[in-house]
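Down below is the structure, laid out as structure tokens.
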Amino acid sequence: MNSVVSRVDRLLLSKSRLRFVGNWMLMVSALFVLLLFLLFQKQEETINKVGSWVASAYKHSYAKDRKKAMVWAGSGDVHAVIKMLEQHDWQLVQLGDRSYPFKRELLLTLCEQLRLTQRYDELNAWASIWRKLEKRNVTALAYWYESLRHLSGGSQEGRRGLQREWARFPLNSHLTEFYAATLYESGDIQTARTILNQNGQAKATASLTGWQIHFGRYARELLPSYLDEFLYQLKVMDWPAVGGAWQRLWREATNSKVRRSRRKQRKMVAVNLQSNVEGLFSAVVEVPANITRFKIVPPPVIGLSITDMQLSMAGRVYNIPTSAVTVRGMVNHDGGVRVINSEPSVWFPLPAAARRAETETVSAELLFKITSARLMDHKRLSTSGSQSQ
């Protein structure tokens with residue numbers, strides 16, 4: 001040990017040797033960084049997987065909190081929701097973050113609960129927080145003016161604000177509802193009924209335009225079919241077929257070029273819905289026959305519901321049950337799915353029988369019923385209007 005220490009001392013005492021050691025360490029570090037860079041370039045899929053896993057873990061923690069908060073809100077425990085949103089990690093969530101849609105949904109739920117319980121001071125505070133996060137969010141602005149008109153000294157400003165913003169955004173359900181309530185309270189029931197009816201008609205028109213249909217091939221649907229083929233060939237002991245099935249399964253699961261090819265083949269088309277004599281709305285698209293999934297992106301009309309989904313391909317009609325679909329920005333409602341925020345979508349895998357087309361392309365027709373939720377005060381205002389007449 002003494003010998004080693006003396007050698008290190010002699011080395012460090014020499015400036016030239018010290019410079020040599022420093023340069024050598026810098027060179028090794030540079031080579032290490034270069035190797036890492038080259039490794040990342042060659043292992044793009046691995047890096048993407050790691051990144052996707054990190055992002056998924058990040059979103060998952062907030063998704064769990066959001067689920068708990070929605071249960072609390074449903075039971076009327078608004079204090080628990082407020083306490084969670086005041087936590088440091090939730091305060092750090094900003095517009096553009098992957099978890100921000102969860103925060104937006106919680107803010108909307110919280111504001112509605114505070115309004116229903118007439119806690120207007122707290123509603124004003126949380127609507128202000130929401131406005132600072134999203135300066136262009138019309139619904140946040142609607143709740144802020146609604147709270148303001150119930151506070152001392154802010155009644156006139158709140159009413160004028162609701163009237164002005166409703167004139168700019170008449171399709172917003174919350175603005176329409178709050179403004180109609182001000183008209184009802186002032187005795188102008190007929191105008192309140194009129195704007196509610198106009199909003200319903202405008203929403204019905206908006207519900208038919210701006211739809212998107214996405215389609216493509218996805219490993220989530222492909223790999224089980226390849227695995228089933230491999231297990232079947234293994235069961236009948238057709239060894240050449242076993243080897244071929246295993247190669248196909250392995251290629252689809254691990255080959256990065258195959259995965260990139262699948263992603264490039266995915267397409268999106270914008271469509272407007274057409275109605276038929278059966279009361280269904282439909283969209284027709286030409287798609288490759290080997291796709292495995294459809295995704296429907298409806299217009300962001302809050303309260304829009306999709307029910308009785310069907311798919312018609314190659315002369316056959318397939319019913320798509322709610323249990324077979326996955327939604328985002330939507331919830332299950334009355335046997336269908338309902339839009340609850342500005343980023344809705346619903347997707348489903350093609351039925352196994354629909355994947356047996358022998359042509360390269362096929363015409364696919366998506367059919368479903370759509371309905372729009374009526375505003376909460378519509379019935380009350382209609383009844384009041386009838387009584388006043």
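We're numbering straight along the sequence, starting at 1.
Remark: side-chain polar atoms of Lys267 are not paired, donor with acceptor, to backbone N or O of Gly216 under 3.5 angstrom. Judged by distance alone, the side chain of Asp77 and the main-chain N or O of Ala73 form no donor-acceptor pair under 3.5 Å. Judged by distance alone, with hydrogens and angles left aside, the side-chain atoms of Asn137 form no donor-acceptor pair with the main-chain N or O of Glu134 at under 3.5 Å. With Asp65 contributing its side chain and Lys68 its backbone, the two residues share no donor-acceptor pair below 3.5 Å.
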TODO: Could you walk me through whether Gln163 and Thr182 pass the side chain to side chain contact (heavy atoms under 4.5 Å, CB included) test, one step at a time?
DONE: CA-CA 9 Å; Gln163 182 180 13; Thr182 66; over 6 Å; no
Task: Step-by-step side chain to side chain contact (heavy atoms under 4.5 Å, CB included) determination, Glu105 to Arg66 - done: CA-CA 8 Å; Glu105 186 178 359; Arg66 172 257 175 206; 2.7 Å; yes
Open item on the list: For Phe215 and Leu350: C-alpha separation, side-chain torsions, deciding distance, then whether side chain to side chain contact (heavy atoms under 4.5 Å, CB included) applies.
Closed with: CA-CA 10 Å; Phe215 49 85; Leu350 265 68; over 6 Å; no
TODO: Walk me through it: do Arg160 and Glu157 pass the test salt bridge (Lys or Arg N to Asp or Glu O under 4.0 Å)?
DONE: CA-CA 5 Å; Arg160 288 194 298 267; Glu157 183 182 353; over 6 Å; no
TODO: Let me see the working for Leu175 and Leu162 under side chain to side chain contact (heavy atoms under 4.5 Å, CB included), right down to the final yes or no.
DONE: CA-CA 7 Å; Leu175 270 175; Leu162 288 172; 3.9 Å; yes
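Val258 and Phe230 fall into different hydrophobic clusters, defined by Ile, Leu, Val, Met, Phe, Trp and Tyr side-chain heavy atoms under 4.5 Å apart, directly or through other members. No continuous path of ILVMFWY side-chain contacts below 4.5 Å connects Tyr232 to Leu249, so the two sit in separate hydrophobic clusters. Leu85 and Val71 fall into different hydrophobic clusters, defined by Ile, Leu, Val, Met, Phe, Trp and Tyr side-chain heavy atoms under 4.5 Å apart, directly or through other members. Following chains of ILVMFWY side-chain contacts shorter than 4.5 Å, one cannot reach Val284 starting from Val362, and the two form parts of different hydrophobic clusters. At a threshold of 4.5 Å between side-chain heavy atoms, the hydrophobic network of Ile, Leu, Val, Met, Phe, Trp and Tyr places Leu366 and Val271 in one connected group.
Geometrically, Arg293 engages Tyr218 in a cation-pi contact defined by less than 6.0 Å to the ring centre and at most 45° from the axis. By the 6.0 Å and 45° rule, Arg98 does not stack over the aromatic ring of Tyr62.
For the residue pair Asn272/Trp211, the side-chain donor-acceptor check at 3.5 Å is not satisfied. For the 3.5 Å distance criterion, the side chains of Trp90 and Glu86 fail to qualify, holding no donor opposite an acceptor. A donor and an acceptor atom, one from each side chain of Ser282 and Glu365, are located under 3.5 Å apart.
Taking the six-membered ring where the residue is Trp, the centroids of His214 and Phe294 are separated by 6.0 Å or more. A distance of 6.0 Å or more separates the ring centres of Tyr145 and Tyr179.
Atom NE2 of residue His174 and atom SG of residue Cys111 lie 9.5 Å apart, to the nearest 0.5 angstrom. Atom CD in Gln94 sits 8.0 Å away from atom OH in Tyr100 (nearest 0.5 Å). From Thr292, atom OG1 reaches atom CD of Glu221 across 4.0 Å, with rounding to the nearest 0.5 Å. Expressed to the nearest 0.5 Å, how far CG of Leu95 lies from CZ of Arg136 amounts to 10.5 Å. From Ile129, atom CD1 reaches atom CH2 of Trp144 across 14.0 Å, with rounding to the nearest 0.5 Å. Between the CG atom in Asp97 and the CZ atom in Phe102 there is a gap of 12.0 Å [rounded to 0.5 Å].
Put simply, the side chain of Met84 reaches to within 4.5 Å of the side chain of Leu106, judged on heavy atoms. In this structure, the side chains of Pro351 and Ile320 come closer than 4.5 Å at one or more pairs of heavy atoms. The closest side-chain heavy-atom distance from Leu133 to Lys103 is below 4.5 Å. Proximity of Trp166 to Ile195: side-chain heavy atoms (C-beta onward) are separated by under 4.5 Å at one or more points. At least one side-chain heavy atom of Val339 sits under 4.5 Å from a side-chain heavy atom of Pro298. Looking at heavy atoms from C-beta onward, Trp130 lies in side-chain contact with Thr139 at the 4.5 angstrom threshold. Between Leu273 and Phe368 the shortest side-chain heavy-atom distance falls below 4.5 Å. Annotation: side chain of Met237 is in contact with side chain of Trp239 (closest heavy-atom distance under 4.5 Å).
When the salt bridge (Lys or Arg N to Asp or Glu O under 4.0 Å) test is applied to Arg251, no partner is found at least two apart in sequence or on another chain. Applying the side chain to side chain donor-acceptor pair (under 3.5 Å) criterion to Thr322, with sequence neighbours excluded, gives no partner residue. Not a single salt bridge (Lys or Arg N to Asp or Glu O under 4.0 Å) links Glu286 to another residue, sequence neighbours left out.
Shortest non-hydrogen contact noted between Leu311 and Ala364 is CD1-CB, 4.2 Å. Across all non-hydrogen atoms, the minimal contact from Arg149 to Gly158 is CB-CA, 3.8 Å. Of all the heavy atoms in Ala219 and Pro224, the pair that sits closest is O-CD, 4.0 Å. Heavy-atom minimum distance, Met309 versus Ile306: CG-CG2, 3.8 Å. A pairwise comparison of heavy atoms in Pro299 and Leu304 identifies O-CD2, 4.1 Å as the closest pair. Considering every non-hydrogen atom in both Met330 and Ser345, the closest pair reads SD-O, 3.6 Å.
Ring orientation note: the planes of Tyr120 and His150 are close to parallel, at an angle under 30° on the 30°/60° scale.
When the options Lys257, Arg259, Arg220, Arg262 are evaluated for a salt bridge (charged side-chain N to carboxylate O under 4.0 Å, His left out) with Glu252, the one that passes is Arg262.
With salt bridges taken as basic N to acidic carboxylate O contacts below 4.0 Å, one links Arg115 and Glu177.
More than 12 heavy atoms of other residues, nucleotides or ligands lie within 6.0 Å of CE in Met27, so this atom counts as buried by the packing criterion.
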